[in-house]
Amino acid sequence: MTFDYDLFVIGGGSGGVRAARIAASEGGARVALAEESRMGGTCVIRGCVPKKLMVFASEMPEAVSQARAYGWDATIDSFDWTAFRNTLENELTRLEAAYRKTLQTAGVIIYDARASLIDPHTIALSTGKTITAKHILIATGGLPFVPHIPGADLAVTSDAMFHLPKLPAKAVIVGGGYIASEFACILNGLGVKVTQIYRGDEILRGFDIEARTHVVAGMERSGIQILRGRDVVRLDKADDHIAVHSSLGEIFSCDLVLYATGRRPNTAGLGLEQIGVTVKSTGAVIVDEFSQTVLPSVYAVGDVTDRINLTPVAIREGHALADTLFNARPTKADHELVPSAVFTQPEFGTIGLTEEQAAARGLTDVYVSKFRPMRTAFAGMPEQYLMKLVVDTETQKVLGCHIVGPGAGEMIQLAAIAVKLGATKGDFDRTVAVHPTASEEIVTMRKVTRQIGATIKA
Ligand code: NDP
């Protein structure tokens with residue numbers, strides 16, 4: 001049977017774009033891609049990229065107060081949200097065009113349309129066109145999830161945060177994950193009074209407890225009110241503000257409610273179940289290590305599979321699939337030891353096991369250093385870095401590294417290479433420090449802070 005294309009990709013986000021480009025440019029495949037919204041997907045259009053630019057904007061007042069301590073006659077006046085937002089929008093338009101150009105240069109045919117599946121080789125476009133393909137890749141990402149509570153329509157999700165008509169004076173943020181915590185810091189830095197409401201004991205659940213405690217202390221010191229152990233049960237519109245009702249009976253008044261309570265795979269209406277692709281109850285497409293679904297011609301990569309929901313992981317999955325199908329290199333995406341950063345203030349970079357995970361596994365040496373960095377100590381600021389290595393006592397292999405402080409995201413990327421290579425604590429020790437830097441601390445922690453773990457005798 002002849003097909004219109006060798007590969008048809010549904011979704012122009014990180015994973016889909018990478019798979020399409022590599023399949024076409026390196027694999028010589030005839031490739032088409034459908035995107036119903038803006039090219040670039042969540043990361044570029046409504047996630048990592050605009051978020052990081054907002055992080056930069058929100059850090060400026062702190063930079064100016066440091067400048068004053070260093071002798072500069074520096075002041076910072078009011079923040080012009082509209083001007084910033086317009087520049088941001090222009091930048092996203094530029095990036096979107098760059099993504100489109102890259103695909104076109106690679107020879108990928110783009111359909112600006114919604115696509116769904118009719119059978120394992122046939123796609124229907126919202127334009128009415130029907131297309132056949134030998135292989136079909138689902139790369140439709142995720143969508144914000146908002147629990148069903150009365151008044152939920154008064155809240156916004158992260159999608160709206162980059163287009164706000166104006167900045168609120170007071171915001172309530174619901175959730176304790178990456179997005180809630182990052183936006184709490186961004187808005188706080190931009191001068192918004194922020195209350196973050198989290199249903200559990202402590203935000204950033206799942207991360208190393210000592211590291212996340214350090215992050216939270218910094219967030220609270222900067223003025224963010226974090227309320228734990230309660231949920232939001234109702235939102236009411238009251239005059240020109242929103243009344244947020246908590247499960248403890250409190251009422252908070254604000255101008256903006258941001259729900260950041262997780263994301264769900266974007267599979268509704270794709271026709272997956274009708275053609276026999278199995279999905280989880282969350283909608284996540286079930287795939288094997290080669291990102292193949294139960295139907296041999298249908299694959300899925302990125303957040304739609306709900307494996308590790310990070311852009312670089314989706315990119316790797318998309319690339320691996322293109323190599324497998326068109327470059328005669330069967331490749332599994334590597335999901336082991338994936339580093340990540342939470343762009344809170346203070347920033348948090350992490351790779352590998354937490355202290356708690358390592359301790360549950362066996363005897364563990366934990367090295368912790370907390371210190372005031374030169375730059376902010378000089379300015380009389382109380383901020384402290386936290387650097388932590390989690391080491392297997394027996395093999396001395398570094399199992400985890402957790403860094404909290406300025407530039408933690410940059411540092412963890414490099415530390416991750418060592419951890420991924422299986423470096424031991426001795427390898428870290430043998431590496432000469434770069435002085436004077438904050439990161440030198442990662443190679444100068446000589447004394448075990450504590451030894452913990454399953455085989456410790458009482
Ligand atoms: P997360 O899964 O990280 O966090 C969701 C939060 O919402 C948790 O605190 C969770 O609580 C809470 N929650 C979930 N359901 C409810 C509910 N029904 N009522 C109240 N609270 C609820 O999701 P995010 O939305 O923050 O981020 C989505 C994904 O995007 C992340 O998994 C991450 O992979 C990715 N991301 C990565 C970033 C980065 O790399 N810097 C930045 C932003 C996003 P509980 O802890 O109790 O479950």
Side-chain angles (χ1 to χ4, degrees), residues 13-15 41-56 141-152 155-162 172-186 195-207 209 211-212 215-216 219 226-235 244-248 257-266 282-284 302-317 335 338-351 403-404 408-410 412-413 416:
S14 304
T42 300
C43 171
V44 177
I45 302 297
R46 58 193 86 83
C48 323
V49 172
K51 178 277 304 285
K52 191 78 188 277
L53 291 166
M54 282 182 83
V55 169
F56 291 145
L143 293 172
F145 157 78
V146 179
H148 296 292
I149 57 151
V156 299
T157 67
S158 56
D159 287 356
M161 293 304 291
F162 313 106
V172 168
I173 299 181
V174 188
Y178 281 84
I179 297 180
S181 305
E182 289 181 343
F183 270 111
C185 296
I186 289 169
T195 298
Q196 184 175 354
I197 297 181
Y198 174 55
R199 64 183 179 181
D201 295 341
E202 189 55 281
I203 63 169
L204 298 173
R205 181 172 64 81
F207 289 98
I209 290 177
R212 81 179 190 195
V215 175
V216 169
M219 289 172 64
I226 303 175
L227 301 175
R228 303 134 175 108
R230 68 262 275 167
D231 212 344
V232 171
V233 292
R234 196 174 91 233
L235 302 178
V244 179
H245 299 258
S246 88
S247 52
L248 299 184
V257 179
L258 167 62
Y259 257 84
T261 42
R263 296 173 62 86
R264 295 285 182 272
N266 178 19
T282 55
D303 288 6
V304 77
T305 61
D306 200 16
R307 288 178 280 182
I308 300 177
N309 298 331
L310 297 172
T311 285
V313 175
I315 290 172
R316 290 295 176 99
E317 290 169 357
H335 292 113
V338 173
S340 75
V342 191
F343 293 99
T344 39
Q345 293 162 37
E347 200 169 296
F348 179 16
T350 179
I351 177 160
I403 301 175
V404 180
E410 307 290 341
I412 205 70
Q413 180 68 81

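Order of appearance sets the numbers: ligands from 1, and atoms from 1 within every ligand. All values below come from the heavy atoms of this structure, side chains included, with hydrogens, waters and symmetry mates left out.
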Identity and separation of the nearest protein heavy atom to atom 38 (C) of ligand 1: Y178 CD2, 3.1 Å
Side chain, backbone, both or neither: the part of A260 lying under 4.0 Å from ligand 1 by heavy atom: backbone
The protein heavy atom nearest to atom 19 (N) of ligand 1 is D231 OD2, 3.5 Å
Can you confirm, on distance only, whether ligand 1 has an N/O atom lying under 3.5 Å from any N/O atom belonging to G262? yes
May I ask you to check whether V342 has an N/O atom sitting below 3.5 Å from an N/O atom of ligand 1? no
Between I308 and ligand 1, find which residue part has any heavy-atom pair under 4.0 Å and reply side chain, backbone, both or neither. neither
Please confirm whether Y198 comes within less than 3.5 Å of ligand 1 when only nitrogen or oxygen atoms on both sides are compared. yes
Judged by atom type as modelled, is there a donor-acceptor pair below 3.5 Å linking the side chain of E317 to the main-chain atoms of G302? yes
To check your reading of the model: name the closest protein heavy atom to atom 44 (C) of ligand 1, its residue, and the distance in Å. I179 CG1, 3.5 Å
Under a 4.0 angstrom heavy-atom cut-off, which atoms of ligand 1 come close to E182? 41 (N), 42 (C), 43 (C)
Before signing off on this row, confirm whether G176 and ligand 1 have an N or O atom pair separated by under 3.5 Å. yes
For atom 10 (C) of ligand 1, closest protein heavy-atom neighbour: R199 NH2, 4.0 Å
Rounded at 0.5 Å granularity, tell me how far CZ in F343 sits from SG in C185. 12.5 Å
Protein contact to atom 7 (O) of ligand 1 [nearest heavy atom, distance to 0.1 Å]: T261 CA, 3.1 Å
Can you tell me if S181 uses its side chain to pair, donor with acceptor, with the backbone of Y178 under 3.5 Å? no
Give the atoms of ligand 1, by number and element, whose distance to some non-hydrogen atom of A341 is under 4.0 Å. 39 (C), 40 (O), 41 (N)
For ligand 1, note which part of P144 has a heavy atom under 4.0 Å away: side chain, backbone, both or neither. neither
Identify the closest protein heavy atom to atom 48 (O) of ligand 1: which residue and atom is it, and at what distance? R205 NH2, 2.8 Å
Inspect the contact between R212 and E202 and indicate whether a charged nitrogen and a carboxylate oxygen are less than 4.0 angstrom apart. no
Is there a donor-acceptor contact under 3.5 Å from the side chain of T261 to the main chain of F145? yes
Starting from atom 1 (P) of ligand 1, what is the nearest protein heavy atom, named by residue and atom, and what distance separates them? G177 CA, 4.1 Å
For atom 35 (C) of ligand 1, which protein heavy atom lies nearest, and how many Å away is it? N309 O, 3.4 Å
So the atoms of ligand 1 within less than 4.0 Å of a heavy atom of K51 turn out to be 41 (N), 42 (C)
Test your reading of the model: is there a side-chain donor-acceptor pair from S14 to the backbone of I315, 3.5 Å cut-off? no
Find all atoms of ligand 1 within a distance of less than 4.0 Å from any non-hydrogen atom belonging to P147, and give their numbers and elements. 17 (C), 18 (N), 19 (N)
Ligand 1 to R263 polar contact by distance, N or O atoms, under 3.5 Å: no
Test your reading of the model: is there a side-chain donor-acceptor pair from R230 to the backbone of R228, 3.5 Å cut-off? yes
Side chain, backbone, both or neither: L310 near ligand 1, heavy atoms under 4.0 Å: side chain
